[in-house]
Number of protein chains: 2
Amino acid sequence: MSNTDKSVVSRLRKLIGEGAYGPGERLGEVAVSEQLGVSRTPVRLAFRTLEQEGLLQRAGKRGFMVREFTEADVLCAVEVRGVLEGLAARRVAEQGLSAALEAELLVWIQKGRELLAKGYLEERDVDVWSELNRHFHETIVGSAGSPVIGDAIARNNHLPFAAADSIVIDSEALDREYRKLQLAQTQHELVVQALRHGEGARAEMLMREHAFIGLRYGELFGLGG
Amino acid sequence: MSNTDKSVVSRLRKLIGEGAYGPGERLGEVAVSEQLGVSRTPVRLAFRTLEQEGLLQRAGKRGFMVREFTEADVLCAVEVRGVLEGLAARRVAEQGLSAALEAELLVWIQKGRELLAKGYLEERDVDVWSELNRHFHETIVGSAGSPVIGDAIARNNHLPFAAADSIVIDSEALDREYRKLQLAQTQHELVVQALRHGEGARAEMLMREHAFIGLRYGELFGLGG
DNA sequence: AATGTTATGTTTGGATCCAAAGTAGAGACC
DNA sequence: GGTCTCTACTTTGGATCCAAACATAACATT
């Protein structure tokens, strides 16, 4: 995949995510190619990719339109990630947590502890958490015994609101966000504990619940989200 | 999507599924376009689609190769379908089974009963079952409240061995297959029962187990599958 | 006036051309 | 003889051209 090609896909993904094209809006190949300053060819390739990712959908016989997402879709996408990561965690537990894998997970657990140790959250901590969170999840999913689960999660994560690292952190209320991350960290540690003891069902359920943290946990802390 | 374009994707999907291209084999755009009798353009579009579907993967910087699947991948794909359809079933149960939806499900239940009523299986029954089975599953998934779950299942089903209607029926042993379909029918009926009573967890688990029927249930009936 | 048909314009799909990037092979130098 | 480099060839990516399909609008006919 060349520079132009890849950048067309990701630039379009970004534009759609930002709402540059309204939901349901038809996207013409010529219009987009002119906006991005490339020819129609890479745009046509990108449209097919974005269709598969679920961001675009066919508008009848005539080209593509931006897919619109409801609140129910957001909730469903989060649940889908939950059951898939839960499946991955259960499989890891069932096949036994190797010493190497446990060590790797503890790296991210430790980084989380260090981040939260000082008792409050700074602006720049957000990226650090996002990074370690991603590593933690990817490590478990990547150890599930087959890339199929990870692929399914990756495809689901193309919906911009579904990805685990898309936790919206409100930098205006870092104290409340601190409590949220503290809970996430606890959930991470509980998952590792369950994995260590081969408790497949518990690991699965913990991961499923963990998926909701970006969604409804705000209510707990008075965020109304 | 034009005739040629769609047919290139599905023809390639078929060829790959049939093993016409060995696992890991590199696919050149020119070679494939000549084999299919089209120009490079629709092939390039198809490669992107098939990459997203997971049948092809990038071969370094140089084009695509046929993805190879292990037994673990097959098992995982079936489990992925299981947890996703389980999620759909649970959501249906949680939101309450409407009278209309129950009536529609009972149509497929009834067709299944009629098919199995005569006590044995004929060759042509296989297609009938495949059809009603597909409808049953699609009805539940389509009622989960958001297309997101169905999309995730559809993407997973692109792996040829993962789809629910890919139950390989051994026409040499229709008596053993009869027992398998009888069990599948019972599972369908139990799912509807659970949905009717709002038993979300039970509906979910029944669907998850139901996914395995094409995979390991052969062992029970002495098929060695 | 309404409906059906035709013609024109817009947009997508397929083919081909050109450029760029990568790979492999051969030759030269150490 | 081995390794490094340069060159030629293969293959992919991007741009453009042409044809086909679809939509829209206008005109004619009933």
Side-chain angles (χ1 to χ4, degrees), chain A residues 1-16 19-68 151 154-155 158, chain B residues 1-16 19-68 151 154-155 158:
Chain A
M1 192 176 270
S2 84
N3 269 342
T4 313
D5 191 1
K6 185 181 288 179
S7 86
V8 167
V9 173
S10 54
R11 279 163 73 193
L12 268 177
R13 211 185 277 141
K14 191 159 175 285
L15 283 171
I16 293 170
Y21 305 105
E25 183 176 339
R26 259 196 73 238
L27 289 189
E29 294 179 358
V30 278
V32 172
S33 65
E34 281 168 9
Q35 282 175 28
L36 299 185
V38 293
S39 87
R40 272 181 58 220
T41 308
V43 174
R44 288 171 66 186
L45 294 168
F47 277 8
R48 301 312 191 286
T49 301
L50 294 171
E51 181 199 13
Q52 289 292 320
E53 291 184 359
L55 268 71
L56 294 183
Q57 62 184 173
R58 301 215 162 247
K61 299 271 187 181
R62 208 66 177 272
F64 296 87
M65 54 188 277
V66 178
R67 176 147 167 208
E68 39 193 335
D151 289 351
R155 286 191 293 253
H158 283 130
Chain B
M1 191 176 271
S2 84
N3 269 341
T4 314
D5 191 0
K6 186 182 287 180
S7 86
V8 166
V9 173
S10 53
R11 279 162 74 192
L12 269 177
R13 212 185 275 142
K14 191 159 174 284
L15 284 170
I16 294 171
Y21 306 105
E25 183 176 340
R26 260 196 72 240
L27 288 190
E29 294 178 358
V30 279
V32 172
S33 66
E34 281 168 9
Q35 282 176 28
L36 300 185
V38 293
S39 85
R40 273 180 57 218
T41 308
V43 174
R44 288 171 66 185
L45 293 169
F47 277 8
R48 300 311 191 287
T49 300
L50 294 171
E51 181 199 13
Q52 289 292 320
E53 291 185 358
L55 269 70
L56 295 183
Q57 61 185 175
R58 302 218 161 244
K61 300 272 187 179
R62 208 70 175 276
F64 296 87
M65 54 188 279
V66 179
R67 175 144 167 211
E68 39 193 335
D151 289 351
R155 286 190 293 253
H158 283 132

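- For residues 19-41 of chain A, the pairs satisfying salt bridge (Lys or Arg N to Asp or Glu O under 4.0 Å) are E29(A)-R40(A), with sequence neighbours left out.
- When the side-chain nitrogen and oxygen atoms of S39(A) are compared with OP1 and OP2 of dA15(D), one or more of them lie within a distance under 4.0 Å.
- Between L45(A) atom CG and dT12(C) atom P the separation is 15 Å, expressed in whole Å.
- The CG atom of L15(A) sits 11.5 Å away from the CG atom of L55(A) when rounded to the nearest 0.5 Å.
- Annotation: ring pair (Phe, Tyr, Trp, His ring centres under 6.0 Å) contacts involving residues 27-47 of chain A, sequence neighbours excluded, comprise F47(A)-F64(A).
- Between the P atom of dT11(D) and the CZ atom of R58(B) lies a distance of 17 Å, rounded to the nearest Å.
- Side-chain N/O atoms of R44(B) and base N/O atoms of dG14(C) include no donor-acceptor pair closer than 3.5 Å.
- For the OP1/OP2 pair of dT12(D) and a distance below 4.0 Å, the side-chain nitrogens and oxygens of R48(B) include no atom meeting the criterion.
- The side chain of R40(A) lies closest to dT16(D), out of dT12(D), dT16(D), dG13(D).
- Looking at residues two or more places apart in sequence or on another chain, you find a side chain to side chain contact (heavy atoms under 4.5 Å, CB included) between E68(A) and P23(A).
- The line from CD of E51(A) to OG1 of T49(B) is 7.0 Å long, rounded to the nearest 0.5 Å.
- G22(B) and V66(B) make their closest contact through O-CB, 3.6 Å (heavy atoms, listed as atom of the first residue, atom of the second, distance).
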Could you pull out the protein-nucleic contacts involving nucleotides 20-24 of chain C (nitrogen or oxygen on both sides, under 3.5 Å)?
from    : atom 1 : to     : atom 2 : distance (Å)
dT23(C) : O4'    : R62(B) : NH1    : 3.2

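- When the salt bridge (Lys or Arg N to Asp or Glu O under 4.0 Å) test is applied to R155(B), no partner is found at least two apart in sequence or on another chain.
- Within residues 27-37 of chain B, the residues approached by DNA chain D to less than 4.0 Å at the level of any non-hydrogen atom are L27(B), G28(B), E29(B), in residue-number order.
- You'll find that the side chain of R26(A) is closest to dT11(C), out of dT11(C), dG14(D), dT11(D).
- In this structure Q35(A) satisfies the side chain to side chain donor-acceptor pair (under 3.5 Å) test together with Y21(A), sequence neighbours excluded.
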Could you list all N or O pairs between the protein and nucleotides 7-9 of chain D that sit under 3.5 Å apart?
none

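- Distance check: M65(A) CE to R67(A) CZ gives 10.5 Å after rounding to the nearest 0.5 Å.
- Here R44(B) pairs with nothing under the side chain to side chain donor-acceptor pair (under 3.5 Å) rule; sequence neighbours left out.
- Residues passing the side chain to side chain donor-acceptor pair (under 3.5 Å) test with Q52(A), sequence neighbours excluded: none.
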